[in-house]
Amino acid sequence: MDRQSIINTLASNIKFLRINTKIEKFDGKIKYMTQKDFAQMLGSIEQQISKFELAKNQMSAIQLYKVSKVFGVSVDNLFTDMTKSDYKKTIKQDIYAW
């Protein structure tokens, strides 16, 4: 697997995990995770998440670690094709205060 393929797989997985994760808000409402929600959890900005998902920017080791913790997957799994998995998760927003 070449470098660009690895970056593309990571980008696809990050987007897949984000769009298949729901967030339970403080008011009890549940919605799917947006790039803005995800950026807040990582201590990043929305444009950075967009660039990660488009494989235009690479993530640091610390960012990869945070992504794995947010979604409850191993860092190794971020580099394998997850798009065919049955991943579904709901996160309580108040537990993530990075």
Side-chain angles (χ1 to χ4, degrees):
M1 198 178 234
D2 67 1
R3 180 181 173 155
Q4 193 58 48
S5 295
I6 293 169
I7 293 167
N8 290 342
T9 299
L10 176 62
S12 294
N13 285 339
I14 289 170
K15 184 173 184 176
F16 172 79
L17 291 167
R18 180 184 59 77
I19 65 175
N20 285 289
T21 299
K22 294 179 183 177
I23 298 176
E24 184 176 344
K25 295 294 206 173
F26 299 112
D27 59 7
K29 293 182 180 176
I30 297 177
K31 67 174 190 116
Y32 282 98
M33 185 184 293
T34 64
Q35 287 181 342
K36 184 177 181 179
D37 296 324
F38 188 38
Q40 289 173 342
M41 290 178 184
L42 295 183
S44 186
I45 58 173
E46 191 174 346
Q47 291 81 5
Q48 189 74 21
I49 300 303
S50 176
K51 288 180 180 181
F52 291 146
E53 290 183 358
L54 294 171
K56 291 185 177 181
N57 280 8
Q58 295 180 33
M59 296 188 122
S60 69
I62 292 170
Q63 289 167 320
L64 287 171
Y65 175 77
K66 286 181 178 181
V67 169
S68 74
K69 292 301 175 195
V70 166
F71 296 118
V73 299
S74 71
V75 172
D76 288 351
N77 282 349
L78 294 174
F79 293 96
T80 60
D81 184 13
M82 297 182 70
T83 59
K84 294 182 175 90
S85 75
D86 292 328
Y87 175 88
K88 299 272 187 247
K89 185 170 183 164
T90 301
I91 297 173
K92 288 187 180 279
Q93 187 175 24
D94 59 346
I95 65 169
Y96 287 96
W98 296 95

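Values reported hereafter were calculated over all heavy atoms of this structure, with side chains retained and with hydrogens, waters and symmetry mates removed. Quantities reported herein were computed from a predicted structural model and do not represent experimental measurements.
Of all heavy-atom pairs between Ser68 and Ser74, the closest is CB-C, 4.1 Å. Nearest heavy-atom pair, Lys22 versus Tyr32, reported as atom, atom and distance to 0.1 Å: CE-OH, 3.2 Å.
Under the side chain to side chain contact (heavy atoms under 4.5 Å, CB included) criterion, Asp2 pairs with Gln4, Ser5, not counting sequence neighbours. For Phe79, the side chain to side chain contact (heavy atoms under 4.5 Å, CB included) partners at least two apart in sequence or on another chain are Ile6, Leu10, Leu64, Val75. With sequence neighbours left out, Lys36 forms a side-chain hydrogen bond (donor to acceptor under 3.5 Å, both in side chains) with no residue at all. Scored by the side chain to side chain contact (heavy atoms under 4.5 Å, CB included) test, Asn57 finds Gln48, Lys51, Phe52 as partners (sequence neighbours excluded). Scanning for side chain to side chain contact (heavy atoms under 4.5 Å, CB included) contacts around Asp86 gives an empty result, with sequence neighbours left out. Taking Lys84 as the reference, Asp81 meet the salt bridge (charged side-chain N to carboxylate O under 4.0 Å, His left out) condition, with sequence neighbours excluded. The side-chain hydrogen bond (donor to acceptor under 3.5 Å, both in side chains) search around Thr34 returns Asp37, not counting sequence neighbours. Checked against side-chain hydrogen bond (donor to acceptor under 3.5 Å, both in side chains), Tyr87 has the following partners two or more places apart in sequence or in another chain: Thr21.
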Full working for side chain to side chain contact (heavy atoms under 4.5 Å, CB included) between Gln63 and Leu42: CA-CA 7 Å; Gln63 289 167 320; Leu42 295 183; 5.6 Å; no

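Between Phe38 and Ile14, the closest side-chain pair of non-hydrogen atoms falls below 4.5 Å. Side-chain atoms of Leu78 and Met59, non-hydrogen and from C-beta on, never get closer than 4.5 Å to each other. Side chains of Val70 and Leu17 form no contact here, defined as non-hydrogen atoms less than 4.5 Å apart. Counting only heavy atoms from C-beta outward, the side chains of Met33 and Phe71 approach each other to under 4.5 Å.
Residue pairs satisfying the side-chain hydrogen bond (donor to acceptor under 3.5 Å, both in side chains) criterion with at least one member in residues 10-20, sequence neighbours excluded, are listed as follows: Arg18-Glu53, Asn20-Lys88.
In terms of hydrophobic clustering, with Ile, Leu, Val, Met, Phe, Trp and Tyr side chains grouped at heavy-atom distances under 4.5 Å, Val73 and Ile7 are assigned to different clusters.
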